[in-house]
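First the structure, in the form of structure tokens, and then the observations on it.
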Amino acid sequence: MDCIFCSIINKDEHEGMIFRDDKIVSFLDIRPLSYGHTLVVPVAHYTDFREMPADLMADYFAQLQKIALAVERATEAHGFNIICNTGIAASQSVFHLHYHIIPRYHDDEVFKRLNFKKYDHSITMHSYAEKIKKQLF
Ligand code: 5GP
Ligand code: ZN
């Protein structure tokens with residue numbers, strides 16, 4: 001399979017490698033939104049978050065938190081974003097499940113222009129809550 005993250009995982013060396021065990025690897029993003037921008041990736045190939053097996057979650061999120069705290073301390077960041085782009089519409093570009101850890105600083109303007117919507121009487125918050133509740137199974 002032609003997957004850039006599988007090739008990184010299967011190589012011995014990566015300049016930006018941070019962590020590796022039998023389930024999870026973590027390395028620096030080649031195109032950082034801020035220095036220290038880190039990816040946390042399962043060793044096994046899953047296309048995206050939708051495919052993540054439940055039995056991976058405990059280990060995966062424990063490592064994600066541990067690595068995020070290390071990134072924050074190492075970069076002396078004031079906080080961080082944890083992002084998992086899922087699907088082309090959500091800007092996913094590598095189709096091997098991964099989370100981004102992006103160090104953030106006060107007023108760094110990394111995500112400058114977000115287009116927030118408003119609920120109102122024609123598009124109500126309640127109608128969306130109901131639609132989503134019906135899909136929980
Ligand atoms: P996505 O857009 O799928 O959420 O994120 C994929 C990320 O992988 C991007 O931020 C991109 O910069 C990073 N990336 C793509 N190719 C490589 C690579 O060869 N090496 C590393 N270290 N990161 C990569
Ligand atoms: Zn892969």
Side-chain angles (χ1 to χ4, degrees):
M1 188 196 316
D2 199 18
C3 168
I4 182 65
F5 287 177
C6 282
S7 343
I8 290 173
I9 289 162
N10 291 325
K11 273 197 196 118
D12 288 340
E13 295 287 321
H14 185 283
E15 190 189 346
M17 190 58 69
I18 289 168
F19 175 85
R20 182 195 276 278
D21 70 9
D22 56 334
K23 288 192 190 140
I24 291 144
V25 297
S26 179
F27 49 85
L28 292 176
D29 196 298
I30 202 168
R31 220 158 51 108
L33 280 166
S34 69
Y35 293 112
H37 178 162
T38 296
L39 302 171
V40 178
V41 184
V43 168
H45 182 100
Y46 305 107
T47 301
D48 61 37
F49 181 74
R50 301 167 181 126
E51 285 189 4
M52 187 175 192
D55 63 2
L56 177 64
M57 290 182 186
D59 281 345
Y60 187 84
F61 287 106
Q63 289 300 353
L64 181 64
Q65 185 190 47
K66 198 167 162 187
I67 295 163
L69 298 183
V71 169
E72 183 182 40
R73 286 193 297 269
T75 57
E76 297 181 47
H78 305 137
F80 50 86
N81 293 105
I82 291 188
I83 296 177
C84 179
N85 299 324
T86 304
I88 292 172
S91 305
Q92 185 177 2
S93 61
V94 174
F95 294 90
H96 180 136
L97 170 63
H98 56 281
Y99 272 65
H100 297 254
I101 301 164
I102 303 164
R104 297 297 306 276
Y105 302 88
H106 298 304
D107 305 319
D108 64 11
E109 300 193 332
V110 167
F111 300 106
K112 215 164 31 189
R113 274 198 289 215
L114 294 178
N115 187 11
F116 292 103
K117 306 257 186 273
K118 264 193 203 150
Y119 291 108
D120 59 21
H121 55 276
S122 63
I123 304 175
T124 66
M125 186 184 271
H126 180 73
S127 69
Y128 270 84
E130 289 305 309
K131 274 204 270 200
I132 294 166
K133 271 154 63 178
K134 277 191 199 137
Q135 296 297 329
L136 282 177
F137 45 79

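Whatever order the structure lists ligands and atoms in, that order sets their numbers, starting from 1.
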Just give me the atom name: the N, O or S atom of His45 closest to the Zn ion (ligand 2).
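Minimum-distance N/O/S atom of His45 relative to the Zn ion (ligand 2) is ND1.
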
If we set the cut-off at 4.0 Å for heavy atoms, which region of [X] has an atom near ligand 1: side chain, backbone, both, or neither?
X: Leu28; answer: backbone
X: Val94; answer: both
X: Phe27; answer: side chain
X: Cys84; answer: neither

What angle, in degrees and rounded to 10°, do you get at the Zn ion (ligand 2) when you join it to ND1 of His96 and to SG of Cys3?
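Between ND1 of His96 and SG of Cys3, the angle at the Zn ion (ligand 2) is about 110°.
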
Which heavy-atom pair separates Thr86 from Ala90 by the least distance, and what is that distance?
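Closest approach of Thr86 to Ala90, heavy atoms only: O-CB, 3.3 Å.
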
Minimum heavy-atom distance between Pro103 and Ser34, given as atom pair plus value:
O-OG, 2.6 Å

Would you say the rings of Tyr99 and Phe61 are close, in the sense that their centroids are separated by under 6.0 Å?
yes

Indicate, with yes or no, if the rings of Phe27 and Phe5 have centres closer together than 6.0 Å.
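Yes, the ring centres sit under 6.0 Å apart.
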
Tyr105 vs His78 aromatic rings, parallel, tilted or perpendicular, using cut-offs 30° and 60°?
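Rings of Tyr105 and His78: perpendicular, over 60°.
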
For His96 and His45, take the angle between the two ring planes, folded into 0 to 90°, and tell me which bin it lands in: parallel under 30, tilted 30 to 60, perpendicular over 60.
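Plane angle over 60°, so perpendicular.
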
What residue and heavy atom of the protein are closest to [atom], and at what distance?
atom: atom 7 (C) of ligand 1; answer: Asp29 OD2, 3.4 Å
atom: atom 17 (C) of ligand 1; answer: Ile30 CG2, 3.7 Å
atom: atom 8 (O) of ligand 1; answer: Phe5 CZ, 3.5 Å
atom: atom 20 (N) of ligand 1; answer: Ile8 CD1, 3.5 Å
atom: atom 1 (P) of ligand 1; answer: His98 NE2, 3.2 Å
atom: atom 19 (O) of ligand 1; answer: Ile4 CG1, 3.3 Å
atom: atom 3 (O) of ligand 1; answer: Ser93 N, 2.7 Å

Is any NZ, NE, NH1 or NH2 atom of the basic residue among Asp48 and Arg50 found under 4.0 Å from an Asp or Glu carboxylate oxygen of the other?
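Yes.
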
Going by the atom numbers of ligand 1, which of them fall below 4.0 Å from some non-hydrogen atom of [X]?
X: Asn85; result: 1 (P), 2 (O), 4 (O)
X: His100; result: 1 (P), 4 (O), 5 (O), 7 (C), 10 (O)
X: Arg31; result: 12 (O)

Checking His100 side chain against Ile102 main chain: does a donor-acceptor pair fall under 3.5 Å?
no

Side chain of Gln92, backbone of Thr47: donor and acceptor closer than 3.5 Å?
yes

Taking side chain as C-beta onward, heavy atoms only, is Ile24 less than 4.5 Å from Val41?
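Not in contact.
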
With side chains defined as the heavy atoms from C-beta onward, is the minimum distance between Phe19 and Ile67 less than 4.5 Å?
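They are in side-chain contact.
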
Looking only at heavy atoms of Gly16, does any of them come nearer than 4.0 Å to an atom of ligand 1?
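No; Gly16 lies far enough from ligand 1 that no heavy-atom distance drops under 4.0 Å.
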
